[in-house]
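Only one structure is covered here, and it is reproduced in the block below.
From a predicted model like this one, the values you see are computed outputs, not experimental measurements.
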2 protein chains.
Amino acid sequence: MESLKMFLRTITNISDADFENTIKYFQSQHLAKNSYFVLPGKICQQVAFIKKGTLRTYYLNENAEEVTSCFCIENSLTTSYKSFILQQPSELAIQAIEDTELLVIDYADLQNLYQQSVVWQKIGRTIAERQYIVMEQYASVLCNETAKEKYLRLLKEQPSILNKASIADIATYLGVTRRTLSRIRKEVTQ
Amino acid sequence: MESLKMFLRTITNISDADFENTIKYFQSQHLAKNSYFVLPGKICQQVAFIKKGTLRTYYLNENAEEVTSCFCIENSLTTSYKSFILQQPSELAIQAIEDTELLVIDYADLQNLYQQSVVWQKIGRTIAERQYIVMEQYASVLCNETAKEKYLRLLKEQPSILNKASIADIATYLGVTRRTLSRIRKEVTQ
DNA sequence: AACATTTGAGGACAAATGTCCTCAAAGATA
DNA sequence: TATCTTTGAGGACATTTGTCCTCAAATGTT
């Protein structure tokens, strides 16, 4: 629970009392490697804080190929955010790529917290704002960086992903074919 | 003011009294064609509702070339959102591409509204959530659509932009060179 | 009106990336 | 252990896109 408290305190100075009152809405959940936190087509009813482990979010493109859109790492949140906000079926799947420990809160409970608590109103808005900034950063990278630059960024910012995810998934994450990723990896290792 | 009220009522059922109490924080602003709402390097202190007109947001890439990231149209909001949220210098410029009428609110006044009013807490969070969804859609388009598909989407969703923006700006918006856009336009007109 | 500047189309060639394929190594399974 | 499957590297060629350039039409300026 400590890691969640620390995470929330990067948003606002939530008191220990407020935190105790909040934490009861969160439930622990274990996900074995390859099992799913969110299934495509289902409405995403939960947000999860990742205590330990790694997840991959992906969608199916028009050729029914999996395209990885995000790797989610420890001490951050994961959810199919659009599905969660709009309470509509998720286009995304979220799958653990190693054994993972989550702290999960339901949509209804979160809406209750918003209603009850000024602190949580602020947390909710701040999380939305941060998610926006992450997505803007993602779009900016998509626009401005070559696949090689994106690969080097991954290598630098999330090096553990290279051991945990397959080459095929990393290629779709970078927006290139496996063939192109193969060329990039050859270049990078000289 | 009516158009702003209608816009807000797509978010939550704000009462006439609440709206009157709110509207006093908004100021009318006229922008002549080619003049700026946000200058890069300055902290963006305002959010604007576009009563009439069109704006273009762009940034300078590593070669100091203008890259258009968004065309902003009537009855929607515009701001350099990341700069506004984090109160840090804007990477984006926002420029009117025709004579434009705005309703503008300052950062401090908006924070006051958040503090004072539960309705505005919800509006603030909902706007952040919507901005997130717009950005996610943008990223999805960047990943999944070819330049030709993006051009056809622009043609369909914002046809007026084709008269108002230059070919060079549309090309950077689509993420291709003018040469490629020229090829696309030739194909599309057969 | 005369001239300069900007804008959009498109030719020629180079570079980047995709498609399709094969092969070898690593894992999985019977 | 023998065999099947999956995974990652990379060859050969096609396609797409970029770079650099020219030209004509439209627009702006004196």
Point to revise | Heavy-atom side-chain contact between A:Phe49 and A:Leu77 under 4.5 Å | key: yes
Exercise for review: Would you check, one step at a time, whether the test side-chain hydrogen bond (donor to acceptor under 3.5 Å, both in side chains) holds for A:Arg185 with A:Tyr151?
Suggested key: CA-CA 8 Å; A:Arg185 283 161 63 87; A:Tyr151 180 75; 3.0 Å; yes
Point to revise | Separation of D:dG28 C1' from B:Lys33 NZ (nearest whole Å) | key: 13 Å
Practice item. From the options C:dG8, D:dA9, D:dT19, select the nucleotide whose nearest atom is closest to the side chain of B:Arg185. Key: C:dG8
Check your understanding: Quick one: does B:Asp16's side chain get under 4.5 Å of B:Lys5's, heavy atoms only?
Key -> yes
Exercise for review: Return yes if the base of D:dG18 and the side-chain atoms of B:Arg183 contain a donor-acceptor N/O pair under 3.5 Å, otherwise no.
Suggested key: yes
**Study point:** Pairwise side-chain contact, B:Ile50 with B:Ile73, heavy-atom cut-off 4.5 Å (strictly under)
**Key:** no
Review point. So, is A:Thr180 close to the C:dT17 phosphate, meaning a side-chain N or O under 4.0 Å from OP1 or OP2?
Key: no
**Study point:** Distance in angstrom units between A:Glu149 CD and C:dT17 P, rounded
**Key:** 11 Å
Practice item. Give a yes or no on whether the backbone of A:Asn34 and the side-chain of A:Gln95 come within a donor-acceptor separation of less than 3.5 Å. Key: yes
Revision key, fill the gap. Within residues 163-176 of chain B, those residues having any heavy atom closer than 4.0 Å to DNA chain C are B:Ser166, B:Ile167, B:Ala168
Exercise for review: Compare all side-chain heavy atoms of B:Leu55 with those of B:Leu102 and state whether any distance is below 4.5 angstrom.
Suggested key: yes
Revision key, fill the gap. To the nearest angstrom, the CG-C1' distance between A:Asn61 and C:dG18 comes to 14 Å
Check your understanding: Rounded to the Å, how far apart are A:Ile97 CD1 and D:dT7 C1'?
Key -> 16 Å
Revision key, fill the gap. note: B:Lys186, atom NZ; D:dT16, atom C1'; distance rounded to Å ~ 16 Å
Check your understanding: If you count the non-hydrogen atoms of other residues, nucleotides and ligands that lie under 6.0 Å from NZ in B:Lys156, is the total more than 12?
Key -> no
Point to revise | Nearest-nucleotide 5' precedence on DNA chain C, A:Arg179 against B:Leu181 | key: B:Leu181
**Study point:** Angle by which the axis turns from one end of the helix from C:dA1-D:dT30 to C:dA30-D:dT1 to the other, five pairs per end, to 10 degrees
**Key:** 40°
Review point. Are A:Phe26 and A:Val47 close enough that some pair of their side-chain heavy atoms sits under 4.5 Å apart?
Key: no
Practice item. Please state how far atom CD1 in A:Ile184 lies from atom P in C:dG18, giving the value in whole angstrom units. Key: 9 Å
Point to revise | Distance, rounded to the nearest Å, where A:Glu66 contributes CD and D:dT7 contributes P | key: 11 Å
**Study point:** Side-chain-base donor-acceptor pair under 3.5 Å for A:Arg178 and D:dG10
**Key:** no
Point to revise | For atom CD of B:Glu187 and atom C1' of C:dG8, their distance in whole Å | key: 17 Å
Review point. Salt bridge between B:Asp99 and B:Lys52, side-chain N to carboxylate O under 4.0 Å?
Key: no
